[in-house]
Visitor: 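Sharing a structure below in structure tokens format, with a few things to ask.
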Amino acid sequence: AVSITVNDVNEAPTAIALTPSVVVENDAGALIGTLSATDQDAGDSHTFSVSDTRFEVVGNQLQLKAGQSIDYELEPSINLTITATDQGGTGLSYSDVLTLTVTDVNDNAPVITTNASQAVDENAAFSVALTSTDVDTVGTNPAIFTITGGTDQGLFTIDGSGNLTMTAKDYEVATDSNTDNIYEVQVTANDGVNTTSQTITVTVNDQNDNAPVITTNASQTVDENAAFSVALTSTDVDTVGTDPAIFTITGGADQGWFAIDGSGNLTMRAKDFEDATDSNTDNIYEVQVSANEGVNHSLKTKSYKQTTEK
């Protein structure tokens, strides 16, 4: 009989494993896990190497080199080429690509996306949504907002829906700290660890909500035989609208005797004291004028007395 002895020969490793395969971002020099190789040759020993120069293998432990760390926002996962060589590093080699998962941490402050410059019309309540973004996948997102400063912070609140609010303001009676109708408040966004602050200014816009005030005296006099003329004047606290106002004749017992000329003067032709033509022939001529600035108007009845007999 012939006996044949089959001699074992060295075969390359067939698989590589890393346990665990997770690294926390920003953990410089972190120990990651243990490398192992699958090999048909019983009792074979292996050495390992890694392609990425930020890493090293000490024994069979994969770790980051001293001072090296990973940023999750740049690399949420990393593919590493690991090579296992048997017979203590002098034999056959096998390489595999292993995926290393990076764990995110709350290391970035939220970014406030609400515009810093806001505006609202007077007489209208102000409200704007406080919004933010955060590149971190952990932490409170969207962030929680609070009021943390600003010269006019006492006039603002944050409602249950996360809106920055302020009650309606009167442009003509400004209540901000320097009465310029620009209200300032500082808000802070907090994601549980990091905070970001922003100053928000709210400009209150004037509206045409006040009627003009007629400043021409209601009582006028003129001598008989002399034409009457007086400038119709007005003021308006609003910064918008027609100012000075436009005047029209809108009433009065003697309105038919009056006119408004191209220069805005109320006029009446000369009258004869002895031949009064006003409605009750007392030589007191009455007319009502209206001042209109585009939205609001004011009325004033004016009496013009012919007091001097010539």
Visitor: Which atom pair, heavy atoms only, marks the closest approach of Ser132 to Ala143?
Guide: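 Looking at all heavy atoms of both residues, the closest pair is OG-N, 3.2 Å.
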Visitor: Under a plain distance cut-off of 3.5 Å, with no hydrogens placed, do Thr131 and Thr114 share a side-chain donor-acceptor pair?
Guide: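 Side-chain D/A pair, Thr114 to Thr131: present.
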Visitor: Tell me, do Asp176 and Thr151 make a side-chain contact under 4.5 Å, heavy atoms counted?
Guide: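 Not in contact.
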Visitor: Report the C-alpha distance between Ile78 and Arg54 in whole Å, list the side-chain angles of each, state the deciding distance to 0.1 Å, and finish with yes or no for side chain to side chain contact (heavy atoms under 4.5 Å, CB included).
Guide: CA-CA 11 Å; Ile78 302 172; Arg54 295 173 294 176; 4.1 Å; yes
Visitor: Mind checking the CG-CG spacing from Asp206 to Asp238? Nearest 0.5 Å is all I need.
Guide: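 Answer rounded to 0.5 Å: 5.0 Å.
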Visitor: Are the side chain of Thr196 and the backbone N or O of Pro110 linked by a donor-acceptor pair below 3.5 Å?
Guide: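 Yes; judged by distance alone, with no hydrogens or angles, the pair exists.
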Visitor: What I'd like to find out is whether the side chain of Gln61 reaches to under 4.5 Å of the side chain of Thr34, using heavy atoms alone.
Guide: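 Gln61 vs Thr34: side chains touch.
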Visitor: Can you tell me how far the CD1 atom of Ile200 sits from the CG atom of Leu130, to the nearest 0.5 Å?
Guide: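 Reported to 0.5 Å precision, the distance equals 5.5 Å.
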Visitor: May I ask you to decide if Lys271's main-chain N or O and Trp257's side chain share a donor-acceptor pair within less than 3.5 Å?
Guide: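 Not a single qualifying donor-acceptor pair exists.
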Visitor: Hydrophobic clustering (ILVMFWY, side-chain heavy atoms < 4.5 Å, transitive) - are Val128 and Val202 grouped together?
Guide: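 Yes.
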Visitor: Please report the interatomic distance CG(Leu62) to CZ(Phe55), rounded to the nearest 0.5 Å.
Guide: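 It comes to 6.5 Å.
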Visitor: Taking atom types as modelled, is there a side-chain donor on Ser197 or Thr188 under 3.5 Å from an acceptor on the other?
Guide: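 Judged by distance alone, the side chains do pair up.
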Visitor: Closest heavy-atom contact between Ser93 and Pro13?
Guide: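 Looking at all heavy atoms of both residues, the shortest contact is C-CD, 4.4 Å.
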Visitor: Check whether any side-chain heavy atom of Asn108 sits under 4.5 Å from a side-chain heavy atom of Asp134, and report yes or no.
Guide: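 A side-chain contact exists here, since the closest heavy-atom pair is under 4.5 Å.
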Visitor: Quiz question: by atom type and distance under 3.5 Å, do the side chains of Asn141 and Asp191 form a donor-acceptor pair?
Guide: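 Distance-only check fails for Asn141 and Asp191.
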Visitor: Side-chain contact test, heavy atoms from C-beta onward, threshold under 4.5 Å: evaluate it for Thr239 versus Tyr171 and give yes or no.
Guide: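 In short, these two side chains touch, coming nearer than 4.5 Å.
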Visitor: What are the two closest heavy atoms between Ala124 and Val120, and how far apart are they?
Guide: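 Heavy atoms only, the tightest pair is O-CG2, 3.6 Å.
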Visitor: Start with the C-alpha gap between Asp27 and Ser69, add the side-chain angles, then the distance that decides, and say whether side chain to side chain donor-acceptor pair (under 3.5 Å) holds.
Guide: CA-CA 5 Å; Asp27 189 0; Ser69 62; over 6 Å; no
Visitor: Quick check: closest heavy atoms across Ser21 and Thr99, and the distance to 0.1 Å?
Guide: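 Heavy atoms only, the tightest pair is CB-O, 3.9 Å.
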Visitor: For Ile260, look at atom CD1 and say whether over 12 heavy atoms of other residues, nucleotides or ligands are found less than 6.0 Å away.
Guide: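 Atom CD1 in Ile260 is packed in, count exceeds 12.
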Visitor: If two hydrophobic side chains count as joined below 4.5 Å and joins carry through other members, does Val138 share a cluster with Val102?
Guide: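 In one cluster: no.
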Visitor: Could you tell me whether the side chains of Gln207 and Asn123 share a donor-acceptor contact shorter than 3.5 Å?
Guide: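 No pair is found: no donor N or O on one side chain lies under 3.5 Å from an acceptor on the other.
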Visitor: Take Asn10 and Asp44, measure what side chain to side chain contact (heavy atoms under 4.5 Å, CB included) needs, and give me the verdict at the end.
Guide: CA-CA 9 Å; Asn10 186 34; Asp44 213 346; 3.3 Å; yes
Visitor: In terms of hydrophobic clustering (I, L, V, M, F, W, Y; side-chain heavy atoms under 4.5 Å; direct or indirect links), are Ile249 and Phe228 co-clustered?
Guide: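 Ile249 clusters together with Phe228.
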Visitor: Would the distance check show the side chain of Asn283 and the main-chain N or O of Phe273 forming a donor-acceptor pair, the cut-off being under 3.5 Å?
Guide: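 Yes; judged by distance alone, with no hydrogens or angles, the pair exists.
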Visitor: What verdict does the side chain to side chain contact (heavy atoms under 4.5 Å, CB included) test give for Leu100 and Leu18, after you've listed the backbone C-alpha separation in whole Å, the side-chain angles of each residue and the deciding distance to 0.1 Å?
Guide: CA-CA 9 Å; Leu100 186 62; Leu18 173 63; 4.3 Å; yes
Visitor: Indicate the atoms forming the closest heavy-atom contact of Val204 with Lys169, along with that distance.
Guide: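 Taking Val204 first and Lys169 second, the nearest heavy atoms are CG2-CB, 4.2 Å.
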Visitor: Membership question, hydrophobic clusters at under 4.5 Å side-chain separation (ILVMFWY): are Leu80 and Tyr94 in the same one?
Guide: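 Per the 4.5 Å side-chain linkage, Tyr94 and Leu80 are co-clustered.
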Visitor: Is it the case that over 12 heavy atoms from other parts of the model lie below 6.0 angstrom from the CD1 atom of Ile246?
Guide: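 Not buried by this count: 12 neighbours or fewer within 6.0 Å.
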Visitor: Any donor-acceptor pair under 3.5 Å linking the side-chain atoms of Glu25 with those of Thr103?
Guide: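 No donor-acceptor contact under 3.5 Å links the two side chains.
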Visitor: Find the distance between OH (Tyr183) and CG (Asn178) and round it off to the nearest 0.5 Å.
Guide: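 Nearest 0.5 Å value for the OH-CG distance: 10.0 Å.
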Visitor: Is the shortest heavy-atom distance from the side chain of Glu73 to the side chain of Asp107 under 4.5 Å?
Guide: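 The answer is yes; the side chains approach within 4.5 Å.
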Visitor: Run the side chain to side chain contact (heavy atoms under 4.5 Å, CB included) check on Glu172 and Asp209 step by step: do they pass?
Guide: CA-CA 10 Å; Glu172 287 71 39; Asp209 61 336; 3.7 Å; yes
Visitor: Quick check against the 3.5 Å criterion: does Asp254 have a side-chain atom that pairs as donor or acceptor with the backbone of Ser279?
Guide: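 At least one qualifying donor-acceptor pair exists.
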Visitor: With rounding to the nearest 0.5 angstrom, report the OG1 to CG distance, Thr47 to Leu35.
Guide: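 One gets 11.0 Å once the value is rounded to the nearest 0.5 Å.
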Visitor: Rounded to the nearest 0.5 Å, what separates atom OG1 in Thr140 from atom CG in Asn190?
Guide: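 Here the interatomic distance stands at 7.0 Å.
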Visitor: So, applying side chain to side chain contact (heavy atoms under 4.5 Å, CB included) with Thr157, which one of Val185, Thr167, Thr165, Asn163 is it?
Guide: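 By the side chain to side chain contact (heavy atoms under 4.5 Å, CB included) criterion, Thr157 pairs with just one of Val185, Thr167, Thr165, Asn163: Thr165.
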Visitor: For Ile16 versus Asp96, what's the shortest heavy-atom pair and its separation?
Guide: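 For Ile16 and Asp96, the tightest heavy-atom pair comes out as CD1-N, 4.1 Å.
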Visitor: Do Asn296 and Glu293 have a side chain donor and acceptor closer than 3.5 Å?
Guide: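 Per modelled atom types, Asn296 and Glu293 side chains form a pair under 3.5 Å.
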Visitor: Taking side chain as C-beta onward, heavy atoms only, is Ile112 less than 4.5 Å from Phe145?
Guide: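 SC-SC contact between Ile112 and Phe145 confirmed.
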Visitor: Spell out, yes or no, whether Phe48 and Leu92 are grouped together once hydrophobic residues are joined by side-chain heavy atoms under 4.5 Å, including indirect joins.
Guide: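 No, it is not one cluster - the side chains of Phe48 and Leu92 are not joined through contacts under 4.5 Å.
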